[in-house]
Structure formats: C-alpha cells, structure tokens
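First the proteins, then the strands, lettered A, B, ... as listed; each starts at 1.
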Amino acid sequence: MSRRSRLSRWVLAGYCVYLILPLYWLLTLALRSNADIAGVFELVPSNPTLANFAEILTNPVWYQGFVNSISYVLLNTLISVSVALPAAYVFSRYRFLGDRQLFFWLLTNRMAPPAVFLLPFFQLYSSIGLFDTPLAVALAHCLFTVPLSVWILEGFMSGVPTEIDDMARIDGHSFWFFFTRIFLPINRSAIGVTVFFCFMFSWVELLLARTLTGSEAKPIVVVMTRTVSASGMDWGVLAAASVFTVLPGILVVWFVRQHLVKGFALGRV
Amino acid sequence: MTWMAWTLPTAIFFAVIAVALSVLIVLELERPTSMSRGWLPMATTRGDRFFISLLGAAFIHLLWLGLTPWSAMYASGLAIIWSGVIMAKG
Amino acid sequence: MAQNKTQDNRAWLGVLPVMLIVAFSGVIPLMTVVNYSVQDILDFNTRFFVGFEWYRETLTDPRFIDAFLRQLGFSAAVLAIEIPLGIVIARGMPTQGLRASLLLVLLATPLLIPWNVVGTIWQIYARSDIGLLGVTLNEMGFAFNYTAEPLHAWLTLLATDIWHWTSLVALLAFAGLTSVPAACYQAAELDGASKWQVFRHVELPRLKGVLVIAVLLRLMDSFMIYTEPFVLTGGGPGNTTTFLSQYLATMAVGQFDLGPAAAFSVIYFLFILLFSWLFYASVMRSEEGS
Amino acid sequence: MQLAQWVGSINRSVILVAAVLGLGACGESNEAAKTAAQADVDYAANAAQWIDAEFQPSTLSRDQQLEEMAWFTQAAAPYRGMTINVVSETLTTHQYESETLAQAFFAVTGIRVNHDLIQEGDVIEKLQTQMQSGENIFDAYVNDSDLIGTHSRYGYVVALSDFMAAEGADVTSPTLDLDDFIGLSFTTGPDGKVYQLPDQQFANLYWFRHDWFSDPQLKQRFEQRYGYPLGVPVNWSAYEDIAEFFSVHVGEIDGQKVYGHMDYGKKDPSLGWRFTDAWLSMAGAGDKGIPNGLPVDEWGIRVEQCRPVGSSITRGGAANAPAAVYALQKYIDWLKAYAPEQAPGMTFSEAGPVPAQGQIAQQIFWYTTFTADMIKPDLPVVNADGSPKWRMAPSPHGPYWEEGMKLGYQDTGSWTLLSSTPLERRKAAWLYAQFVTAKTVSLKKTLVGLTPFRDSDIRSQAMTDMAPKLGGLVEFYRSPARTAWTPTGTNVPDYPKLAQLWWANVANAVSGQVTAQAAMDSLATQQDRVLARLQRHGALGDCGPALNEERDAQYWLDQPGAPKPALANEKPQGQTVDYETLLASWVRAAGEQAGAQMD
Amino acid sequence: MARIRLQEIAFTYPGASEPTLQPISLDIQDGEAFSLLGASGAGKTTLLNLLSGILPPTQGRIFFDDVDVTELPGRDRHLAQVFQFPVLYQSMSVAQNLAFPLTTRGSTLNREAIDKRVSAIAKELNIESILKRSANAISLFEKQLVAIGRALVRPDVSVVLLDEPLTAVEPSIKWRLRRTLKHVQDELGVTMIYVTHDQTEALTFAERVSVLADGQILQTGTPEAVYQNPAHQFVGHFLGSPGMNFLPSNAFPQPLQRSFAEDGDPETIGFRPESAGLTAPSEVLLSGIVETQRVLGTAQGRVVSMYGLRCGAAQVFVRSPASFACGDEVGIALQRWVGFREFLRVGSNGAE
C-alpha cells in the first residue's frame, strides 16, 4: 500500500531509536550507584547493582506510593468512564440545547494553568473532607480525563448505527438492558482507548496529586520527589522508581493494544 | 465558602453572567435561534455571539489595562458597546 | 455522522453527571481564582480589594511580555514539529502483527512516564559530562552544553518535548489512518495522484478530526509547559527558557503571591481560550463551508 | 444563595460516593491504633527496651533516660490512640526520625506518628498552603529557621514560649532544657519569643583537600607563584588565588583533571539559598552585629526597631550596594573560570556530592549536610583507614567584611506548630517534637545524622571519639567561632515572597544577560516593592515594613556602616592560615569557653 | 480505450496451497461493456486486482491493446475504477473531483480544456447542478455518479473497472444509476468491466458476460447465450430465479430419452422454468405432482403461476399459465432443454 512509504518507515525507525535511547539511559542509571552515575560516563554499567531496586522494593513508603497511585488512577478511570458513557451516548444520539458549545466548554477546563488553581483545589477538597484521599485526586483528575473520555466515546458511538437502538426497542428490551448488554459490548474498543487515556493522564500528573495529598494518600510521583534532598540527589533510586512507574503503563498498553488500534480506527475520525 | 475569597464586585460579575446564561437558555427554549450570518466571518447562534462578546470584552479590558494608564471604567464602557454590537449584528 | 439525531432536551440528563463533575472541579476553582485576582492576599483571613491593579501590573511587566513571546515561539515550534512528525510516524506504522503491538507500546511509553521523570531523564541524558546525548554530541565535535548556551537549552527542551509528546500525535494520526479505506488509496493510485496528493487529498481530510484534537491538546499543553523546563533548565540560562508557567509557578507556589498570580492566570487562561477558540472556530467554519 | 445549596448537595453526594467506595484506609489505621492503645501495653518495658537497644550512647544515664521516657508515657496518656501527621525534608536525620524514632514514640506513648519526608521546597509549599487556607494539613512541620521573620510577623505560627507557658504546659517536658539547644537564638523572634524548636542543625563552611594542601611540592609551587603559603584562605583574595592555582596552574593530579572551585548555577530556587543564606554577608555587605547584622542584614534589608525600611541604597538598604554587587560578580567569575564546566547547570542537590568525587580542591560554600556522604569508605576523598582526606574550616571573607559580622550560614531545621492545627493534635505533635529532640535520643540521632543541635551532645565523649572521622565538624561546633554562622534573620518579613526574587535575578546575571549591578538593582527594587505591598495594608503589625523615603544614594553611603561605599581595591593581599594552627586555636578557644562557663 | 487480453492468467496467494485463480484467458474488445459475474469468493476481486495492477499474476500475461502491461504498475495502465462505496476526495468540490485525474501525471491539458472535459462528463451524467457543491454535501447516489464521472473523465483511459458499483446505492434508485451507466457506455464507447455478483446487473449491462466460479471462468458469452445455453450446470443454476431445473436424463420417459441420446447423450437435463409448460399428465411427458403454487401475475389475460413440482426425488419449478391445484398430477412439456454430461453442456434442443 502506498501508505507506508519508505521515507516514513525510515522516520519511524529513527524515531524509535530516539525514543529508546533515553529509556535505555534511564535503565542504566537505575543499575548504578550515585557516585558512579555522577562520576563516570559509561555506555554499559561496569558495576551493575540492584541496590536501587532493592531500596524501592523494601521501603514501605515506595510500595505505599504505588498502591496510592494505582488506587486513584483506577478510581479516576472508573468515574470518568462511567460518567462519560451516558454523556457520549446522548451526544451521539440527540440534539439538545447547547450541545455544540458543550464540548468546547469541557475542553476549556483543561486550559487553566495549574499553579494558581492548586490552592482553590486544595480548599475545595478540604472543605468537603476529601483531602488526602485517593478520591480527591481521582475527582480532580476528572477535569482532564472526563472531557477526553466523552470525546473519544462520542466519536465511536456516532459510528454505531442508530438502527441498533431501534432494533433493541422493537425487540422489547429495556433501555438499561440495551445499553449494558448490547450497546456497551459493541463499544468495547472505545472503552479500551478511553481507559488508556484516563490512565495516561492520571498516572503521570504531579501537581494536583501533590497538592491534594498529605501523608496518607501520597502517590508515587510525590514520593519520587524525596530523592532530591539537602544531602544530594539520589539519581539511582529516582531512576529505579521511574523504571517502576513506566511498568504499569506498559502493562495497560499491552492489554488494550488491540482495542487501541480498533478503537482508534473506528472512533472519532 | 469563605475560602473562595468572594468580593462584592466579583460576586456581581458572576451573578450577571449567570443571569445572562439563564436568560439565554430561556430565550432558546422560547424562541430557538438558527445559525445566522452577520458581519462576523462565520455563521453564529445567539449563544456563540454571547461567547464572542464576552471574550471580546475581556480582551478590550486587557488591551486597555496594558496600553493605557487610564481607568478601566472606560474599557468597561467600550466592552458594553462592543457586546451590544456583536449580539445585535454579529 | 450528525444525521438523524433527534432533538430532545431530556438528553441533558445524560450529560448532567459530566457537567456536574467538571463544573465542580473546574468552575469553582476558576471563580475562586478570579476572586483572588482582584485582591491582595496575605493569608487566609487577611485580604484587600485592589481592583484591576494586578492585571495592569502583569500586562505592563516586560518580563511577562517576554515570557509570553517566548511561549508563543515555543508552542509554535512544538506544533510545527510534532504534528507533521507524528503524521509521518503514523504513516510508517505497520497495522498488524507483533511488531505493530510492540511499536504501539514503545510509542505509548513516553506518555506514561511522570512528567518530572521525563525532565529528569533528559536532564541527565543531555549532560555533557555523564549523559549519553551530551557526551556523544561533544565527541562528535559540537561544544554542546545546554546549561550555558541558550540555543542548546532551547533545542534540548524541544527535543524533550518531541520525545515526550510526538507519540500522542502519532497514535491519534495512526488511528485516523487505519480508518482510511483501501479503496481510497487505490482510486488515488489509479487517478495518478502523487504521494503528496494522496496525503493531501486522501489522508489529510480523514485525519482532520484527530488532528483537530491533537492540535488542541498540544497547543494547550505546550502553552502550559512547566515541569520539563523546570527540571531541565529551570528556565535558564538567564531567562531564555522561562515560559509563562515558570514565571507563574514562582509567583503562585514559590511566593504564594495569590493575587498577582491569579491575575496572571486569568490573562493566561484568556489567551489560551482565544487561541483554542480561533482554531476551533476556523476548523468548524471550514467544515461548515464545505 | 442557590449556588451554595447546589455546592452543598454536591458535597453530600461526593462524600456519599466516598463512603460507598469504602475508602477506609485512614479509618482502618485509626482503629488499629485504638485497639493497640486499648490493650494493656507495658509502656515502661517498651521504653526500657528501646533505651537499651537503640538509644545508646546518650548524655543521660539509663535511669535519667527511663525517667524522661516515663514522663512522655504519662504526658501522652490523654492522646493515646491518636495518629498525627508531621512532615520534614529528606535528610538522614529525619529519615532516622521517621523510620526509628516514630516507632519508639509509639511504643512509649501509644501515639502513632506518620513522619513524612518530602523535598524541602514541598515542605514549605505545604506549610504555605496551610497558612493560606487555614486548613490543617500536617500537625507539625520541620522547616528551616530562615522563616523566623515571617513566622513572628504573620501570627499563624504558635509562639512556643506562650504555648509552653499556657495551653501546652501539661505536655511540655520538664527535661526539655531549652538553653541546651544551640540554635535557639535563630528561632527567637524580635519580640524575644521562641517560635520553633530546633531539631537538627547544619552550617556551610569552607571545604578543602587537606592532602593536597599539605603536599610539599604543591605548597612550594604555590608560594613561589603567589608569595604566601598555601593554607586555609582567610580572605577571598586568597581563595581566588588558590582556585586559580588548582584550576589553571596545577590542572591535573594523578592524571585526573582538578578544579580549584566548586559551585552551582542552575536557575532554580536553590540558587537563591546560595545568596540569601550568607553570601553577601561573607563579602561584607551587611552590618556588624551577630546574629544577622543590625541595622542592615545580609539580605541588604535595613530595619529600624523591628520595621524593615528598605533594601535599595536609596532607602538605606544594601541589596544593590557595591559590596553586594562585588559578591555577585565574584560568584559568577569564579563559577565560570574555576569550577567544572557542568557546575553552572547544577542545582544545590546536584552540586553537593561533586567534591566527593575527588576532583575538587576547595569549595568556599560547602554545606555540612554532605558530611555523612563524604566519609563513606571507598570514596576518592577518604583514606584507606577511613579518615577523610579533606577538612572543613571557617569560610574566608570578602574585602568589605569586618570583624564582628556574620561569616557564614548555619541553620536549624525546627519544629513549627501552626495555630490552625487543632489543639489536641498540636499537643500530641508537640510531644513528638520534644521526643525526637529529648536528651534520651538526641546523641544517638546526632551520631546517625551528623546534624548536632544540642550543646550537651557536642561536648559528649562520643563526639570526641567520632571527631577524627568528621574532618573538623566537631571542632567547629565546639568553637566559639560558631556564633558567626547564622541563618536568615528577623529583618526578612516575608521569606517566601522575597526569597523567590533572588534566584531569578541572580540567574539573569549568571547567564550574562544583565550585569551584576543591574541584577542587584533590579533585585533591590523588587524587594522594596514587596515591602511596600506589605506595608500598604499594615497587616503585619508593629514589626511590619515602613519604607524610608527615597533619597540620594550618596547620603546613605556616607553614613557609617552598610551600605558601604565601593573600595578602591577589592583585591587586597591574599591571606592564609595553616589548618593545624587554626584547629589548635579553635580547640583552645573551646576549652576557654568551657572553662568560662564552669566559672 | 483499449482491447484487453488476458493470456493464461493465474494467481495463487503466497503460502496458499490452492490457486485463487485458475489459468484464465479472456479477450475483451475495445469499447465493449463486459461483465464478470460470480458469487463472492469466486475470484472476482482477485481478477480485478490483477487487472488494476495491485496484484502481480503468478503466471500469464496481460495485454492492453498490444502492449504487455503485466509488469506495469496500476497507475501506468491508464485505467479507472469505480468502487463499491463512492470514493471521492472529501476536501474538494464535485468539479474539482472530476478534474483531479486530469491534473495529475504532469498532464498537459490547460485549464480550459479541463473545464470543457469536466462539463462534458457532468452533462453526460446529468450532475451539472451539483458541480459547485462540496463532495461531502451530496447524496450517496450523487457521490457514486461523481465517482463514475471521475473514472470516465480521462480521455486516455483504457478501461473502466466497476467493482459492484451499485452496492451502496439504495435499491429504489439502483436502476437509475444502472441506466445512466449503460447510457454513458453507449455514448462514450469506453471499455468497461463490470464486476458483480448480481446477475440482473450483469446481464442488463453487458454485451458479454463471463461467469466465474471457484477461480475459473465457466462461460463467456452474450447474456442471452449465457442464460439460455449455459456451458456448465453451475451457470444454469446460478443464473435465473429460480435457476435451471436439473433432472437425470433417465428420469424422463423413454421417448424423450431417445431424443436426448441423439443430442449428445447427456446424463443430466436442464430446463428453465419458463421453457416448459404444464398439461394433463401423459405417457410421453415428464410427470410431476404439484406441491406449491405462487401466482406471479397475468399475461394475455391469463394468470401465470410458478409451480413447484415433485418429480421423483427432485423438485422442479415451472412457470405456466395453466391452472392446477396442489396434489394434482401434471405433465411437463419441455420446450427447450440443455443436456449436460459431467456438468458440461453436451447438447441442447428446442426453440424459444
């Protein structure tokens, strides 16, 4: 096919190298001691050590950070998908007052530069007693993930013929049955893509997560900042922690990869 | 809600916008608009024009504050004229 | 796609949860920030109304204007590179098989790394004494030092942003391309269309939807870029990589100078809103005209 | 108001969601704590066990330790079962507190403590968030005493003197011995009240490679070239000469490139610390008077009574005075000419460990927090027998410096209680703060973290035994010279707002975008603008800023003290002192002081 | 315009054990309207892809006129294709779509000539009124018309391939499009190859039809010939609705069997429902029992019905104006039949 031209394949190959090299470097850092990292340049670690990984695996603070992060990411994904599904459905099926303006408005919420909004966020969630809970972070991240989820799901659902709705109605199914048993399975791939995007935004976000948590719900990205201290920078542990933070993401992508292609392909294009 | 740091002027400002939005909704339900074309380079609905006039008013204020040393009241006056023009003719 | 939709305002019930959640975590903080922006706030019970003073101060502050122009330059550069690059990469992607899956995972990886880590990775990767990139460049004879040379700092930041975000564009574009029916390529082939014409007339129109969102997301995010330059260059050398968010964060989380920072934010927000809306409206307009 | 109702209803529904989702993590741990408290725990046995297993050596006898712990058990009784959250920056000392002392505290009192460790900047951010919102985030903070001017003026920090005398009396340890804290003066406000309780303390000193400095061949080469002996530099001229000597003339030692200077210059908040901590006062920009110089301090801020009145020369300040400009210029010159190529891109944290790699001959501005990482075996700067190849010594001073002025930075991370923390929690946190600084544990903590804060610990036998390994740390803390090392003082009315101005302006000068003079002028103007804003609303009370009218700079330069007029010769003859002689004088002075105290 | 010759073309997908196309030879005349008819999976699309140069044949040669184009890529074969779903350039107007093939390949046509050509084609297809519209803003039917127009617009086009072009069009207007196509083909005399599984389309459009099954061409001929005189049992079965009736020749009464033997001695006799009549049962006629009856309409004042009859083990359909009821025994008079041996035609008889 004419699509995969030689040029673009070369660019892709080059880009892959470009992507991999920093990741490789991260991995080698994780396998070296701090003195080693700051002291010498070497392509392959000559004194590889697993001490950095051991530190992370044995210190409960790190472990707890992972648990906290995963719990708010999952919560966020759950909330985003479950509120976005009905919204996307009505967007794809009905015309209503202000529908055209709504999506742009949803997106504009992402335009707020986070720095100043941190204090209102903090106060908002403290005032309802959610400060330092995963739910607070999950809800705050909804600001970013919900508009995107609606957009992805709506695109996909618009591609599903309305005849399916009518057919279910004629067959005498309740709306609830139709939606959960017929409509959602059709949109499986889109949900996969949505999950990926929710995961992506929620997992990597630092500022809100930091502001909305104290010690109970402290996420992994915040735990990572402790590697910078008055007695130096703990490169090795930071790198090892980074390697760990990449892993869940890779797992998610691997599991939804089929949906990613399909969901993307049939979705909003 | 003391933490929201309300002041009277901002409260009035938001109240005005809220009222305007409600009026727009009611109008829309009573007399729905369709896309129409004024001297703006695209077809707009009443809601679109409302948004454009607000955004325009904001930038009139910004320009005024950035470029002139005079009171922002003049800018507000300009902004009201601008909004009127857009809502009516946009 | 918009055909046969029924008009029914009860549909609002379906949108309500989304509206509530977004209004709750979006509108309330936004209103609070607007409230902040007209006050001088010393602590939570010591506040003074100052009107538009912070706005005037920000707008006439040469540092703000410089940072704003730099920001425009950076966002423009990011969009100009990442959008085409993402499309080219997407065009090179295989559509099935293990290789496709692995590539997909590789492409998605940078998107899943916490932002501060992205900055850290590049910071050390580009160091000219212990970083792979920096050392390699120096070995090749370029006196590369991103901590001292403004140009190098810019290039490194761009490289970092490209590394971090092009994948998003590529994934979206890839999705768009997968939906182009084979017949379209075939027809263009038989019509004798050149490679460029195939791209321009067959692929690009089908990519429009995803590209709109890619451009919007990249525009907003690049306009708000903070973490990477903060970690990588701290905004230096000098002010050369100090973007709006750097400047803002110093005010907001460093000095906790809420009033001026809020005015700054509102101005900032208005500009992004304007750019995004102009873009959105022009896209909508071209759609409507067609 | 409709909106209020609406928000209210959301609140309820969100809480409902939270409840349904069963996010009971914190509930669970509370319960666990309660059951532990309800069970009949033998706190005395626990205390004994901890004392024997962990808290040795100590300056107290075992019985005294037991007695002190018994007081904690008894005082904490009303708060048993509580879980409190405290936070501090990442530092070996705090790590020890978080991982060991918090456990011991629980064993002895039944109060559970989450001692959180985060980056220093984040600690301040949390503190500020609590201050700005009035919402309790942490029950106690350990933050540097630099904020004393802010704490004492804004009124959101509990004045410990008042607290201990009133509502906190029943939870204030009789064995606290406040006068034993060497950093107490740093945490005392202009009103004479103690606002914070020191928890760990460190200084910045001059650091050098003792082995190279005593190398006969190098010594001879140096003397030949510069006309005076190689030794610990007393003034900046000598420091500059030595830096040039190693970076330019020696170049390589044992086949490795060496540098005569190390510093950092990345545009980062830590670049500000570099300056606000002591740099200007080392050059001699401020006034005489310990701790911070009166009426003009090292930030160039002049105070009258306790009111800041300006920082530009035109208002009687010294932030853009010749001495300040000189200080900035020297920092830049040395960074560019003598430090490793990477140094301008480093932050404080990155630059700190660099001397340990063995290529740095001396560093003028070196923090003792790096001591623990400099004495690890197998480092290029540690001898085979474990003794350091390096030493620390008093920092050299600039040409504007005069006897009786602050000579360096010393700060104490201290416990801070906020008035927005509920009283019960505050009391429990106060118990913990006293516990981790109690004499029972303090010596052990000091030996682990090397950040001594109690005079009794410094003078202990254990520290004497440790001294040879610490390159002069113990000697420094025992010497009376120590008092010339101080943190940011009470002249600075709003540390967060003002400190941010420094790094941005300094970075501009480092990159060469503006001259040192322009950078300091801009800094002074911006500082004054912040002061004016604080003054405008009069919210800071009697010690709030009250700016002087601007007048001709010459008027102020003509007055005695800072701002000082430019010197004709900013590079006087270099002066050095032999390290061993210096050390002997410290030891002698320490002995005299101890003797004087005994009298 | 060109004459298309396929010489022993065959195709096997790499790695497949069975060939997708058996060696095929075809000769399509210049300006001919030609149909390829086959059920899905018969190899139509493969054959089309071989023609358009997407796939290279495993063996054989392809000639356009006398030029061997086997190795030429599709774009150099000067052919045009119309797809199942209208393929248009969404970002262009209808006129731009039509003009597009004229502007590519370094075309030397000037603006005026292009416009002339476009308006000529538009006139031919009767789409002049929508020329200015965007390609996105017209109906599916119009889109397919534009797609056809784009295929026809190039004066140097050697052949137009039509790949089931009516699939996406609503049934109610299929005939309009079909008529337009036929009309244009007649007017312009372009060589067209129409690929479809729909016999009506194939038979009404083409001058000649090839019936394809299992990668083989079973028969090529005029629609009449293919319909009336199937060369293969499958062709008879495939065409017509219902298709041809087949009975073993020994199921017929002796006299008929004898006459069959003179005409090639077939094993199987095929006859179309309309090539037989129903009368009273008789010794010399094939007999059957009426099982179903469906009224089709009237002809010359008489009701015509489709009868389903049981003849021994087999069921046959006969269209007849006679009137019988279910269960009646009837005689079937063959007016025309085709005889097959081993599925291939060996003889035929009768008049239509």
Side-chain angles (χ1 to χ4, degrees), chain C residues 17 20-21 23-25 27-28 31 36 40-48 50 53 57 63 123-124 126-131 134 138 143 145-150 152-153 229-242 246-247 249-260, chain D residues 3 6-7 9-11 13-14 121-122 124-125 127-135 154-156 265-272 336 340-347 350 420 494-501 503-504 507-514 522 529-530 533-534 536-537 539-540:
Chain C
L20 287 184
I21 278 201
F24 176 72
S25 33
V27 175
I28 294 179
M31 292 203 296
Y36 287 167
D40 193 359
I41 299 172
L42 294 181
D43 63 42
F44 68 100
N45 46 23
T46 319
R47 313 194 309 253
F48 307 93
V50 297
E53 183 178 325
E57 194 166 276
R63 287 174 301 167
Q123 181 199 8
I124 196 150
R127 278 262 295 262
S128 52
D129 55 345
I130 53 171
N138 277 295
N145 186 349
Y146 75 93
T147 60
E149 291 291 325
H152 297 175
F230 177 75
V231 177
L232 202 58
T233 64
N239 275 328
T240 45
T241 56
T242 301
Q246 250 76 37
Y247 191 39
T250 311
M251 264 201 259
V253 273
Q255 302 177 315
F256 259 81
D257 218 345
L258 294 175
Chain D
L3 187 68
W6 178 69
V7 170
S9 68
I10 293 194
N11 294 355
S13 58
V14 170
D122 294 348
I124 301 300
E125 197 183 312
L127 181 76
Q128 298 238 59
T129 305
Q130 176 156 356
M131 159 197 154
Q132 289 288 351
S133 67
E135 298 278 350
Y154 273 89
Y156 52 84
K266 180 174 164 184
K267 189 171 188 189
D268 180 87
S270 65
L271 183 58
K336 293 203 167 150
E341 295 74 15
Q342 284 306 312
M346 289 186 178
T347 63
E350 289 169 70
S420 49
D494 191 325
Y495 185 91
K497 282 194 177 59
L498 292 166
Q500 295 290 333
L501 304 175
W503 58 278
N508 282 348
V510 174
S511 72
Q513 275 182 344
V514 299
S522 141
R529 203 179 303 152
V530 172
R533 267 183 55 203
L534 297 177
R536 178 167 65 168
H537 306 299
L540 297 190

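We find that D:Arg536 and C:Glu53 are joined by a salt bridge, their nearest charged nitrogen and carboxylate oxygen being less than 4.0 Å apart.
Here the CE atom belonging to C:Met251 is positioned 11.0 Å from the CD atom belonging to D:Gln500, to the nearest 0.5 angstrom. Taking OG1 of C:Thr147 as the reference point, atom CE of D:Met346 lies at 9.0 Å (rounded to 0.5 Å). The distance from the CD atom of C:Gln123 to the NZ atom of D:Lys266 is 4.5 Å, given to the nearest 0.5 Å. Considering CG of C:Leu232 and NZ of D:Lys267, their distance stands at 14.0 Å, rounded to 0.5 Å.
The choice from D:Gln132, D:Gln513, D:Lys336 that makes the most heavy-atom pairs within less than 4.5 Å of chain C is D:Gln132. Between chain C and the residues D:Leu534, D:Asp494, D:Thr129, D:Val510, the largest count of heavy-atom pairs under 4.5 Å involves D:Thr129. Heavy-atom pairs under 4.5 Å with chain C peak, among D:Glu125, D:Gln342, D:Glu341, at D:Gln342.
Only the side chain of C:Thr46 comes within contact range of chain D, with heavy atoms under 4.5 Å apart. Proximity to chain C is limited to the side chain of D:Glu350, based on heavy atoms less than 4.5 angstrom apart. Using a 4.5 Å cut-off between heavy atoms, C:Asp257 contacts chain D through both its backbone and its side chain. Both the backbone and the side chain of D:Gln128 come within contact range of chain C, judged by heavy atoms closer than 4.5 Å. There is no contact between C:Ile21 and chain D, counting heavy-atom distances below 4.5 Å.
Scanning both residues, D:Asp268 and C:Phe230, for their nearest heavy atoms gives OD1-CZ, 4.2 Å.
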